[in-house]
Amino acid sequence: MKTILDMLPTASDPHHGVKEWKDYTGDLRERCEVLVVGSGPGGAVVAKELAEKGHDVILLEEGAPMGRHDFRQESGEAMQRLLREGGSRASRGNIVTPTMQAVVLGGGSVVNSAICARPPAWIFDKWTERTGTSLTREDLDPHFDRVEAQLGVAPTPEEVQGERNLRFKRGCEALGMSVEPIWRNVQGCKGSGECFTGCRNGAKKSVDVSYVPAAIRAGARVFTSVRVEEVVADGRRATGVRGRIVEPFTRKVHGHVRFDADLVVLAAGCMATPVLLQKSDLCGACGWVGRDLRFHPGLAIMAMFPDPIDPWKGATQGYHSLQYLEEGLKFEVLWSPPSVLATRMPGVGLAYQQHLLRYDHLAPFDVICAADRSSGTVRARPGSLDPDIEYHFDQADVDLMQKGLGILSDICWAAGAEAILPGIHGLPEIISRKEDAEVIRTHRLKASDTIAAANHAFCSTRMSPSARLGVVDESGRCHDLDNLYIADTGIFAASSGVNPMLLCMALADRIAETIDGRL
Ligand SMILES: Cc1cc2nc3c(=O)[nH]c(=O)nc-3n(C[C@H](O)[C@H](O)[C@H](O)COP(=O)(O)OP(=O)(O)OC[C@H]3O[C@@H](n4cnc5c(N)ncnc54)[C@H](O)[C@@H]3O)c2cc1C
Ligand code: SF4
């Protein structure tokens, strides 16, 4: 006879108990005390924390539970399976910016590099200047502590850094720049550099294998293959959501769902939450739903070394430099699957082939920019839940990025590169002498010359104590509805300066604490 223990997730089967489309026999109708939409870093934290406090929690997710045996190394297939719009989502505006959002149990934590960084205290002063928040780093420190402990966050050890990361470190040190091993939510990382296509070693503590199983063990019910299409409200109260059962990958629709709840938390991510609010005609009074979208645009330079460095070996992102963080620049080592990196190689035909042949000598180093003067909008596309994203990369931020590219070039040369591939329109495809690289600083760079990607996105439902200046208050509660909360990166009042996941989770932990106090 089966006992309750047979229904619970274990270390070897972390998704045990997670329901998916095959488990549903028809339309779904459920009710609970707290309904959480989206199982990424924000939603998973809220679900686990409130379930552990004894609340009746349901967590909804459109994507599938993907185990280590489901991950594919081939990037085309991996992106189709794990990312919205197959990974081809991009903003329009004065620059076309690729921006990736996951559709899988665990959200972005399944495809990301596991970088966990606490923003410095001054970041929150910038939030105050912008929307009047009074939140401080001190307020959040206990929440950072709790999340880091749950995820086992620790600095990347030297043994799994690999030559690619070590060369970056060497370059920064030679220039006298600060450089430190990146803190990551991994345990037993083997340095396979495959974080983007999913950790086949089971080392990454993405929230689907950490927070979600803990939520289930505490009694939460988790329904995947459920696409929420509308938040239902009555006056100042959200009463639940409506949507459909959607089969992963094929997107075949299998039935309708209706979930009723005393309290609803939206954590569908910075692009999806504003679209849901717009489609539901909610929280529009302040005018900030889907407005003020912020990115961290990032650009990479490829360093070409005289000797083979086998760049595929080593933690996906093992070292970073925070030396210029206060100016709005962060420098990191980067890695992604060969076929993705190959799209950044210059040339055609034989010249392109020559670069590919030197693949084992190449290391991508990147700079991400706080881009405080640039912003965009997220709007619901008619007949679709995919967002229409517009973004304007301000020339002052392009200039700052250009400064960053100059420093990045210096890091490459100081690391021992014999040539660099800048990957910027209007610049030589390959630069073989350090003196010639000055053009990276002197060329007048425009937004459209850059090929920036932006996987850090926030502020689309920003936080402010004033109902005129933001969508949610500092507890994450929507100004317009008494029982609707948002717990994804959309609530940031401005840039996080550093990589956003840990801040999103600390805020979610704080939101869960507040909700518990109010229920
Ligand atoms: C390739 C990549 C690398 C990154 N690397 C890092 C890193 O190393 N460190 C870091 O700090 N940050 C990193 N980031 C950013 C980080 O992953 C995100 O900021 C983070 O995942 C945001 O969490 P979230 O909960 O706000 O949203 P998400 O992670 O986007 O989660 C939202 C969830 O809601 C679900 N959902 C959306 N709409 C619906 C709907 N209508 N119905 C049901 N479910 C829905 C989605 O499928 C998704 O699972 C990276 C991002 C990418 C794409
Ligand atoms: S580097 Fe490899 S082993 Fe380490 S967390 Fe990423 S995918 Fe897993």
Side-chain angles (χ1 to χ4, degrees), residues 36-46 59-64 68 71 79 82-84 87 89 98-117 156 160 162 182-208 223-231 241 243-244 246 257 266-273 275-276 279 296 298 313-318 332 334-336 340 385-387 453-458 486-492 496 498-505 507-508:
V36 183
V37 179
S39 69
V45 170
V46 174
L59 176 62
L60 300 181
E61 169 58 49
E62 180 176 346
R68 52 198 288 192
F71 295 132
M79 287 162 77
L82 295 170
L83 297 173
R84 292 200 175 262
R89 179 173 279 179
T99 175
M100 295 181 189
Q101 281 86 45
V103 54
V104 58
L105 183 72
S109 70
V110 175
V111 297
N112 75 21
S113 303
I115 299 176
C116 290
T156 306
V160 298
I182 292 176
W183 289 58
R184 298 163 74 231
N185 53 311
V186 299
Q187 255 167 34
C189 171
K190 293 189 166 56
S192 66
E194 290 178 26
C195 292
F196 177 63
T197 48
C199 180
R200 292 186 302 155
N201 295 310
K204 189 173 14 163
K205 295 297 152 215
S206 43
V207 296
D208 61 311
F223 294 85
T224 63
S225 323
V226 169
R227 183 176 69 204
V228 172
E229 296 176 343
E230 188 190 353
V231 180
V241 302
R244 286 178 224 224
V246 181
V257 302
L266 294 179
C270 166
M271 300 298 174
T273 292
V275 167
L276 277 176
K279 295 259 180 203
H296 280 161
K313 292 183 185 159
T316 307
Q317 299 192 259
E332 303 170 334
L334 188 65
W335 189 244
S336 60
V340 174
L385 285 174
D386 287 327
N455 293 327
H456 301 171
F458 19 76
I486 302 179
D488 54 41
T489 59
I491 64 173
F492 292 8
S496 49
V498 294
N499 316 59
M501 178 176 69
L502 194 69
L503 175 57
C504 173
M505 296 177 80
L507 285 169

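Every number for a ligand or one of its atoms is a count from 1 in the order of the listing.
Remark: K279 does not engage E229 in a salt bridge, criterion side-chain N to carboxylate O under 4.0 Å.
Side chain of K204 to backbone of C195: a donor-acceptor contact under 3.5 angstrom is found. With N185 contributing its side chain and K205 its backbone, the two residues share a donor-acceptor pair below 3.5 Å. Judged purely by atom type and a 3.5 angstrom limit, E61 uses its side chain to pair as donor or acceptor with the backbone of S39. Proximity of a side-chain donor or acceptor of S109 to a complementary backbone N or O of V207 within less than 3.5 Å is detected. Formation of a donor-acceptor pair under 3.5 Å by the T99 side chain with backbone atoms of N455 is not found in this model. A donor-acceptor pair is defined here as one N or O able to donate and one able to accept, closer than 3.5 Å; such a pair exists between the side chain of T273 and the backbone of A268.
Distance CE/M271 to OG1/T489: 8.0 Å, rounded to 0.5 Å.
Inspection of the environment of atom 6 (Fe) of ligand 2 yields the following protein N, O or S atoms under 2.8 Å: C195 SG.
For ligand 1, the 4.0 Å heavy-atom shell takes in G38, S39, G40, P41, G42, E61, E62, R84, M100, A102, V103, V104, G107, G108, V111, N112, S113, A114, I115, F196, V226, R227, V228, A267, A268, G269, A272, N455, H456, D488, T489, N499, P500, M501, C504, ordered by chain and residue number.
For the ligand labelled ligand 2, residue R200 lies outside the 4.0 Å heavy-atom shell.
Using bins of under 30°, 30° to 60° and over 60° for the plane-to-plane angle, the ring pair H296/H456 lands in the perpendicular bin.
N499 and E332 form a side-chain donor-acceptor contact under 3.5 Å, judged by distance and modelled atom types alone.
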